[in-house]
J.: 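Once you've had a glance at the structure underneath, I'll fire off some questions.
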Amino acid sequence: MRIHAHFFCLWALSLAALAWWLAQMAPWGAMVRLGAGLAAAALWLGWAGWRIWRWRRDGAARELLLPGLLALPQGWRGGRATVVELESPRGAYVAAEDGMLRAMVPTPALLERAVAELVAWRRGSPPDALALRLEAAAECGEPAWLGRLQAWRQAIADVERRLACRLPVYLLVGFPAPARCSGVGGTLGVVLQGSPCASLRQWREWLDDWRSRMELQPPVLGDEDARARFDLRLRAGAVGGWLGAQVLPALLQGATPAPATGLQGIALLPTQGKDAALSPWGRCRQALSGLTVRSLNIGKSEREGVSRSWLFGLEPGGCLPAAWRLALSLWLLACLTALAAFAASAWSNRALLERLSANVAHYRSLPAERDAERRQALRVLERDARELQSHADLGVPLRLGFGFYRAQPWRERIARLIADYRPPAAAPTSVLLDSLSLFDSGKAVLRVGAEMALKPALAALALYPERNVLVAGHTDSVGQSEANQRLSLERAAAVRDWLTQATGLPLTRFAIQGYGATRPLASNDDVEGRARNRRVEITLLPTLPVK
């Protein structure tokens, strides 16, 4: 099992960043943050377990055609030009270099298996190109190489049917060139690049047109570089004729039941090798020119892989070192953490300002008559003031920082509201009502319009609705004492009955008493004194504590 150190480093750091964000920045309650942390930890652990299981499965001992895939970094799975090079002389293997991934397959029978392993490793992505290597100077009979081409054609068709897609196929034709031509091999480049739907006739026209544009004038005597270039182009032109005459018909038409290959490009690769008269290319040149081809043994064959210049527009991906990939991942993690912190800070500051604004607006909306509610709202403002004062004294908390804090002006506004509060004046616990404003002389029935005189009593009851009420009637000393006693009691009862109807309080909250002339406020010897003594006194009794 291969364990990537950068994976565990990122996993631990991301979990630590999430824990820090939940503890310091999350604008939620404690229980919500705890639940979110536990859920995130469970997801993190599940993902890590799944990755470790995948590593164990991939690293298990099994028979693979391309075992080199397991040794490649995870970054090679996608985003890089992947070329399957067919007919490799060294067996099936994988090479990754210069940002390009190559898988070499030696025989048509192994093509489907190799492509299946490659597609599975790349998570379902097919290869970007199939490069069919041909050696023009290989010594073999015509039936042998013709049968090999048809076998490759059938194998490619099977792979395309399995993948349900059309794969781009390229011909990479190697032909022998003398050693003096090695310095000018790059002058050939890509010979042709067509389309997958091109017919054999179109490819032949393109090859003929290319051959006609080849510069085949003999070089000046003594110019070795020009002679080498002339020799190279002459050989390339002969290879083009051989392709149009024998190779392309085997791939694009014929009696084989396999569909035509989607040929997309042809490249000629000058290589050092053996030039044999018995090769298909040699026989084709001899048939076309009528000249005997002399065998040329240049040296040991060197079959190089597909170079970047033959990728036909496929851009190989870059491969960053592990340290750079780790640094990039850490930078992305830091950016995501910073964005999450900024978002949480903005959210928390917005919630703070909305709460302060709502508390101030609620306090200002309460009238002075509702002093109990005003005092409750004032306590909320005092708590907000202590919180803002702690921000000023100890510093703004991290969850409100990052430049989003805008609550400083609210501290002064709330302080002014608290300082300007004045409790309302205490309501009187006793109300004196003139009897003449309530009753006719000698009567105990409320006269019309007496409600206006009783309004002070209603106001006192509204301020102290929880208290009991004593209604006492008083008279002057004129008349018999028994009559005055009875009249004062009847007047107290009349006032009590009106108050119960006006306030909705039960009769059990009221007590009545008739004192007659026994409790004068002034002397009964003059008119003014007697007027003051004729009264109804309403007293709010204090609530007794519960023992």
Side-chain angles (χ1 to χ4, degrees), residues 10-45 47 328-427 462-463 465:
L10 287 176
W11 178 78
L13 287 178
S14 59
L15 196 59
L18 179 62
W20 170 82
W21 188 85
L22 288 174
Q24 300 292 334
M25 303 300 302
W28 308 317
M31 296 304 297
V32 177
R33 286 185 290 173
L34 179 61
L38 293 177
L43 289 176
W44 249 256
L45 291 175
W47 180 64
L328 180 60
S329 301
L330 292 177
W331 180 77
L332 292 177
L333 177 62
C335 290
L336 290 177
T337 306
L339 288 177
F342 290 154
S345 177
W347 188 357
S348 299
N349 277 279
R350 180 180 178 182
L352 175 63
L353 295 179
E354 290 178 352
R355 174 166 59 87
L356 296 177
S357 177
N359 292 342
V360 169
H362 176 65
Y363 175 77
R364 288 177 172 174
S365 65
L366 296 175
E369 292 77 11
R370 300 165 61 181
D371 186 64
E373 298 180 26
R374 280 171 59 94
R375 288 197 301 270
Q376 181 65 28
L378 191 65
R379 285 193 287 269
V380 174
L381 291 182
E382 290 174 349
R383 186 174 63 249
D384 293 337
R386 288 192 297 269
E387 179 183 358
L388 298 179
Q389 186 63 39
S390 68
H391 295 171
D393 296 339
L394 305 177
V396 179
L398 190 60
R399 61 182 180 85
L400 298 174
F402 298 97
F404 294 100
Y405 187 75
R406 296 293 184 274
Q408 184 63 25
W410 286 96
R411 184 168 68 93
E412 302 175 0
R413 299 173 191 173
I414 294 175
R416 285 197 299 268
L417 287 177
I418 296 174
D420 293 343
Y421 171 74
R422 296 291 182 273
L463 291 176

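All values reported here derive from a predicted model rather than from experimental measurement.
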J.: Any chance you could measure Gln376, atom CD, to Leu381, atom CG, to the nearest 0.5 Å?
T.: 10.5 Å
J.: Side chains of Leu352 and Tyr405: does their closest heavy-atom pair fall under 4.5 Å?
T.: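 Yes, their side chains come closer than 4.5 Å.
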J.: Could you tell me whether the side chain of Ser365 and the main chain of His362 form a donor-acceptor pair under 3.5 Å?
T.: yes
J.: Can you give each donor-acceptor pair under 3.5 Å made by side-chain atoms of residues 407-419, sequence neighbours left out, with the distance rounded to 0.1 Å?
T.:
{"unit_1": "Arg411", "atom_1": "NH1", "unit_2": "Gln389", "atom_2": "OE1", "d": "2.9"}

J.: From Leu336 CG over to Trp331 CH2, what is the distance, rounded to the nearest 0.5 angstrom?
T.: 9.5 Å
J.: Tell me, please, which residues at least two apart from Glu387 pass salt bridge (Lys or Arg N to Asp or Glu O under 4.0 Å).
T.: Arg355
J.: To the nearest 0.5 Å, what is the distance between CG on Asn359 and CG on Leu378?
T.: 11.5 Å
J.: With a 3.5 Å distance limit and no angle check, can you tell me whether Ser357 reaches the backbone of Leu353 through a side-chain donor-acceptor pair?
T.: no
J.: Atom CG of Leu38 and atom CG of Leu34: how far apart are they, to the nearest 0.5 Å?
T.: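 Leu38 atom CG to Leu34 atom CG measures 4.5 Å (nearest 0.5 Å).
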J.: Taking all non-hydrogen atoms of both residues into account, name the closest pair between Arg374 and Pro367 and its distance.
T.: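 The pair with the smallest heavy-atom distance is CD-O, 3.0 Å.
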J.: Does Ala40 have any side chain to side chain contact (heavy atoms under 4.5 Å, CB included) partners at least two apart in sequence or in another chain, and if so, which?
T.: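 Listed in chain order: Leu18, Trp44.
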J.: With rounding to the nearest 0.5 Å, note down the distance linking CG in Leu339 to SG in Cys335.
T.: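 It is 7.0 Å, given to the nearest 0.5 Å.
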